[in-house]
Amino acid sequence: MIDQQTLEYPHHVNFINNTWLPSSGHAVETLNPADKDDVVGIVPDSTSDDVEAAISAAEAALPGWAATPAPVRGDILRRWSDLIAENAEDLARLMTREMGKPLAESRGEVGRARMEIDYAAGEGTRIHGTTIPSRAPGQLVYTQREPIGVVAAITPWNFPAVAPVRKIAPALIFGNTVVLKPALETPLTALALAALLRDAGLPEGVLNVVTGRGSRIGTQLAEDRRIAGVSFTGSTEVGRTVNEAVARRMGAVQLELGGKNAAYVHSAEDLRSVAAEITSAAVQATGQRCTSISRVVVHEEIADDLVALLAETWSGLQVGPGDVEGTVVGPLVNEAQLRKVSGYVRQGLEEGAVRATPDRQVPEGLYFAPTVLDHVTRNMAVAREEIFGPVLTITRVKNVDEAIDIVNDTDYGLAAAVFSENLEVAMRFGREARAGMVHVNHGTVSQPHVPFGGVKESGLGAFSIGLTNADFFTQTKVVYLKPNSGSQPGQPVPGRPGFAAKRGIDPA
């Protein structure tokens, strides 16, 4: 299917109705962030006509796909997972070329994507309804879950495989059809995944992929009334715009947005292991993860020791191209992201933060030296705004009350972590931290079957992954079933004269 240099599909096409459909939009080159001369692929900056074709294809395919038994839909997803496994190395290398993350992380992402597909496939045998006792004799009342319809999936660049899979797999297992708009920085992995899903036996029109700018494609998808729901992962700013557009037409949204995740270090027998956990959670994907730990809140009695360990660890992290063995921190995704991260660090130093890591040399290009900033106060921009890079801030506190107050003093509420030998403190943090996910004595790593999401400005709608996906991708229908006994509406229930009227039951 894939080799390390090119994909088998032609350039400048979208994936619509299981075919490569040329676009009338301008051609856009996608570049390797580790090598600006490496053109990974050429894709369309699609037009409204392309989006219309994708929506129409998904709408036409919806009745047949929704009528396909859910376990059969699960069989197709399992074949998809198998095909991804067969092409795992090529997909991983493609992701590293597109996004820049270390190859080891890309390989792990392929495995994680498969786990999420496998879980979703199993949901095909778990789409349960409920029976409810009826007040009317001889009547059965039950609920059933039905697909919401055509779903628009809008995904970011930091997880080229997992982000699309996390939306496609649950949408399909519950009987919906999908129009996917991947990030313009990393569209090729999404197109490759679509081709593999077609090869797994997915019918025409069930999944359609259009590439291009979110300002054009995303807006059209959010505003189109044929789109029953929009599942979006990206910045809070863009997510707010998506929500407003979908809300105006009473559509459904599932939003995974930004984060400013804090780790509170209360106490630890082994601070070195704490530093390792924090580092891993902070620098994966070069810090370009919504769940990255970007703030550390630590008791002043152990702060010096922890900062020294973090500075030692971060100073030794290998920075370079993702396909070079030993690389831990790859390039940032583009020039704009490099300017953003550099600007935040510069502003933090101007506001009084102290650099704990040396200002070392890194390779030329989109690389940024992993940086730990100490003595950061809660009002500094580096402590409040999402940086999305390999930058960690340290804020020192005197007690638990101050620590929890600072952890919660943010517009975001995605993930939080606490490191403590004191069970009472850990449990209190779990209760009082205003985050969708709380981790105790480990970093902010999620699991492929556990609900994932945030509160405040980090998310809206049903959590993704696991059992909560059904709350977004299905709608509940209540069925009142009464066998035809020959009686007419409004007549008493046979054998019980006046039963319905006496009890206020609507016989209709």
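All values derive from a computational prediction rather than experimental measurement.
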Quick one: are [X] and [Y] in side-chain contact, heavy atoms under 4.5 Å?
X	Y	value
F429	V438	yes
M99	Q288	yes
L338	F368	yes
E237	L257	no
P390	T371	no
L373	I394	no
L180	I154	no
V265	I278	yes

Check your understanding: Should V178 and V209 be marked as a side chain to side chain contact (heavy atoms under 4.5 Å, CB included) after you check the CA-CA gap, both sets of side-chain angles, and the distance that decides it?
Key -> CA-CA 8 Å; V178 177; V209 184; over 6 Å; no

So does [Y] get a backbone contact from the side chain of [X], meaning a donor-acceptor N/O pair under 3.5 Å?
X	Y	answer
S23	G25	yes
S280	E277	no
W80	L193	yes
T19	F15	no
T155	A163	no
R289	A281	yes
K456	D411	no
S458	G258	yes
N176	P147	no
E29	I42	no

**Study point:** The single option from T186, T189, N32 passing side chain to side chain donor-acceptor pair (under 3.5 Å) against E98
**Key:**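 The option that passes is T189.
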
Exercise for review: Evaluate the criterion side chain to side chain contact (heavy atoms under 4.5 Å, CB included) for residue pair V296 and T393; output intermediate values, then yes/no.
Suggested key: CA-CA 6 Å; V296 172; T393 69; over 6 Å; no

Check your understanding: How would you list, by chain and number, every residue that makes a side-chain hydrogen bond (donor to acceptor under 3.5 Å, both in side chains) with R378, sequence neighbours excluded?
Key ->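 R378 satisfies side-chain hydrogen bond (donor to acceptor under 3.5 Å, both in side chains) with D405, D409 once adjacent residues are dropped.
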
So how far is it from [X] [atom1] to [Y] [atom2], rounded to the nearest 0.5 Å?
X	Y	atom1	atom2	result
L349	M380	CG	CE	9.0 Å
L392	T279	CG	OG1	7.5 Å
T233	N158	OG1	CG	8.5 Å
I132	Y480	CD1	OH	7.5 Å
Q220	D50	CD	CG	9.0 Å
T177	W65	OG1	CH2	10.0 Å

Check your understanding: Distance under 6.0 Å and angle within 45° of the ring axis: does K101 meet both against F159?
Key ->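 Flagged: K101 positioned over aromatic ring of F159.
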
Practice item. Test the R240-F232 pair against the cation-pi criterion, namely NZ or CZ under 6.0 angstrom from the six-membered ring centroid and within 45° of the ring axis. Key: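 No, R240 and F232 do not form such a contact.
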
Quick one: do the [X] and [Y] side chains pair a donor with an acceptor below 3.5 Å?
X	Y	result
T219	R213	no
S56	E52	yes
S46	N14	yes
T143	T476	no
R114	S81	yes

What are the two closest non-hydrogen atoms of [X] and [Y], and how far apart are they?
X	Y	answer
N261	S292	ND2-O, 2.8 Å
F419	N441	CA-OD1, 3.2 Å
E351	A381	OE1-N, 3.3 Å
V328	P102	O-CG, 3.4 Å
R112	I465	NH2-CD1, 3.6 Å
T211	P187	CG2-CB, 3.8 Å

Any pair with a residue in [range] that passes salt bridge (charged side-chain N to carboxylate O under 4.0 Å, His left out), sequence neighbours left out, goes on the list, sorted by first then second residue, please.
range	value
residues 145-159	R145-D471, E146-K477
residues 164-173	E116-R166
residues 243-258	none

Exercise for review: Identify which one of L83, D75, L77 satisfies the side-chain contact (heavy atoms from CB on, under 4.5 Å) criterion when paired with R79.
Suggested key: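 Single pass found, and it is D75.
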
**Study point:** Full working for side chain to side chain contact (heavy atoms under 4.5 Å, CB included) between V391 and V345
**Key:** CA-CA 8 Å; V391 178; V345 170; 3.7 Å; yes

Check your understanding: With under 30° as parallel and over 60° as perpendicular, where do the rings of F388 and W157 fit, or are they tilted in between?
Key ->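 Aromatic pair F388/W157 classed perpendicular.
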
**Study point:** Under the ring-ring contact (aromatic ring centres under 6.0 Å, His included) test, residues paired with H442 that sit two or more places apart
**Key:**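 Partners of H442 by the ring-ring contact (aromatic ring centres under 6.0 Å, His included) criterion, ordered by chain and then number, come out as H439.
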
Review point. Can you name the residues that form a side chain to side chain contact (heavy atoms under 4.5 Å, CB included) with K36, not counting sequence neighbours?
Key: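 None.
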
Check your understanding: So S420 and R428, side-chain hydrogen bond (donor to acceptor under 3.5 Å, both in side chains) or not? Walk me through it.
Key -> CA-CA 11 Å; S420 178; R428 178 185 171 189; over 6 Å; no

Exercise for review: Any chance you could lay out the side chain to side chain contact (heavy atoms under 4.5 Å, CB included) test for S48 and V51, step after step, and finish with the verdict?
Suggested key: CA-CA 5 Å; S48 59; V51 179; 5.5 Å; no

